[in-house]
Amino acid sequence: MKFSIFSLMRQALGHHARWPAQWRSPEPKAAYDAVIVGGGGHGLGTAYYLAKEHGLRNIAVVEKGWLGGGNTGRNTTIIRSNYLWEESEAIYELSVKLWETLSDELNYNVMYSPRGVMMLAHTVHDIQVFKRHVHANRLAGIDNEWLTPEAAKAFCPPLNISPKLRYPVLGAALQRRGGTARHDAVAWGYARAASALGVDIIENAEVMAVRRDARGAVEGVETTRGMIRTKKVGVVAAGHTSVLMSMADVRMPLESYPLQALVSEPVKPVLPCVVMSNTVHAYISQSDKGELVIGAGTDAYTSYSQTGGLHVSAHTLDAICDLFPTFRRMRMMRNWGGIVDVTPDRSPIIGLTPVPGLYVNCGWGTGGFKATPGSAYVFAATMARGEPHPIAAPFALERFTTGRLIDEAAAAAVAH
Amino acid sequence: MLLITCPYCRMARPESEFHYGGEAHVARPAEPANVSDAEWAAYLYMRANPKGVHAERWRHIHGCGRFFNAVRNTVSDEILATYEAGMSRPDLGDGTKDAR
């Protein structure tokens, strides 16, 4: 079924009681040409591009819970590509370009909204770093511009630019093409489109073991819904990547931390863009439902608890109240945590592993949502061809041995 | 907010007095000049990151200032033991001591 004004009218006449299921829920087959482990945006996107761009239709996505129930449904949906290094610019800009046409591509409204991402500078160091980013981005053809505090306030009226703040706003870097998208819709849109191309999406199937043959190559995965034979496995499991890779005896340069987010009660439109501040640690935008969506930091220690300490979100709310005094009386409705896999250089790991047939796409840390389409696109190409896509190549696992790290610590969405 | 017992101060204090120091018992190669790039990478970057019992370093920065180790369950965040730096990981009888 194709979504259109006509399908909407037809279903309206039936009181919206006859919308069909958006993807099939088949029993797992005994064998596939490839299996993706992890049904979040990156995993479902990988399956979609494997089917669409590379003609691999006999493939499956296995997910231990429900689609988009991990970090895809837990993040603050910020999209931007204003990273410092060329390798990062290439993959994040590919993503932004794919975001721009994703709703048409999938025939599913992912509600991509390029409302602008404004990153605040509060210190001389911030100003120098952000201006360096602006110049680097413009050389790469990526939009990013420097704003004075007054221009920042004109772009975002509720912002407090008083010089009396403990950390006053000294300027801002603005990427106008940055923005947000609807996170659930990304998972559902990719799932629907992949399913229509023949991809089997298998929920409630947790991988318990990775089976390997005598020479060490992948032979299949043991799941809670039975053994699935395959010669290609793509692990796209975010915070649980280390756990899955240890099933194949591969140690990863990853540490998993709880990252928190919270939302306020819904109000009328009050915040026209995304505002980020690494220095005072505040990330905020307003959803189309009217809730303020706020990103807090990670806990100090590795954990799989999916909650996070209250003092971490309280710290972010302190900063939000300083920057936006009008929000002080608002109530927070919900808060939650997601488990993010952080690499030493804050850049992802995409590519082959020492185990033949085992591929990995992980290490997106605190900022993976924005990369969903680009990450899925290059990872699908890498899995299909058995060699890294040119944009994925610098992000190979070997960089930790060769020393060619891609140090994006300064550009990460969370101050580390 | 964790409540952590510093083995030197012998007091349970809030997490905000401490600084996390990553995985414990990662030994620096004894002869740095003679190790391969892969061995360096293993020492510098590769981590167990288990979902379960984890031995880790903490530093009591707003107390005695000293490093010590803790054994913690990374699912429940329960701290099972803390012990002085330099001591070997205590065997808690749960079979996790030798797991990597």
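Protein chains get the first letters and strands the later ones, always in sequence-line order, with residue 1 at the start of each.
- Within 6.0 Å of CZ on A:Arg404 lie no more than 12 heavy atoms contributed by other residues, nucleotides or ligands.
- Heavy-atom neighbours of B:Tyr8 OH from other residues, nucleotides or ligands within 6.0 Å: above the threshold of 12.
- For the set B:His54, B:Lys51, B:Met1, the count of heavy-atom pairs under 4.5 angstrom toward chain A peaks at B:Lys51.
- Considering OG1 of A:Thr241 and CG of B:Asn49, their distance stands at 9.0 Å, rounded to 0.5 Å.
- A:Trp85 CH2: 12 or fewer foreign heavy atoms inside a 6.0 Å radius.
- Ring-plane geometry between A:Tyr301 and B:Trp58 is classed as tilted, the angle between the planes lying from 30 to 60 degrees on a 0 to 90 degree scale.
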N/O donor to acceptor pairs below 3.5 angstrom from side-chain atoms of residues 28-35 of chain B, sequence neighbours left out:
residue	atom	partner	partner atom	Å
B:Glu31	OE1	B:Asn34	ND2	2.7

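- To the nearest 0.5 Å, atoms CZ (A:Arg399) and OH (B:Tyr45) are separated by 9.5 Å.
- Closest approach of B:Ala48 and A:Ser242 over heavy atoms only: O-CB, 4.2 Å.
- Contacts with chain A were tallied for B:Leu44, B:Thr74, B:Asn73; B:Thr74 has the most, counting heavy-atom pairs under 4.5 Å.
- Pairs of residues two or more places apart, or lying in two chains, that qualify as salt bridge (Lys or Arg N to Asp or Glu O under 4.0 Å) and include a residue from residues 55-77 of chain B are B:Glu56-B:Arg72, B:Arg72-B:Asp77.
- Side chains of B:Tyr20 and A:Tyr257 form a contact here, defined as non-hydrogen atoms less than 4.5 Å apart.
- Remark: B:Glu15 CD to A:His311 NE2 distance equals 4.0 Å, nearest 0.5 Å.
- B:His19 does not touch chain A: none of its heavy atoms, backbone or side chain, sits under 4.5 Å away.
- Within 6.0 Å of CD on A:Glu86 lie no more than 12 heavy atoms contributed by other residues, nucleotides or ligands.
- No other option in A:Gly403, A:Gly309, A:Ser303 has as many heavy-atom pairs under 4.5 Å with chain B as A:Ser303.
- In this structure, B:Arg47 CZ and A:Ser256 OG are separated by 13.5 Å, a value rounded to the nearest 0.5 Å.
- Taking OG from A:Ser305 and CD from B:Glu78, the interatomic distance works out to 13.5 Å, rounded to the nearest 0.5 Å.
- A:Thr401 and B:Asp37 are not linked by any side-chain donor-acceptor pair at a separation below 3.5 angstrom, with hydrogens and angles left out of the test.
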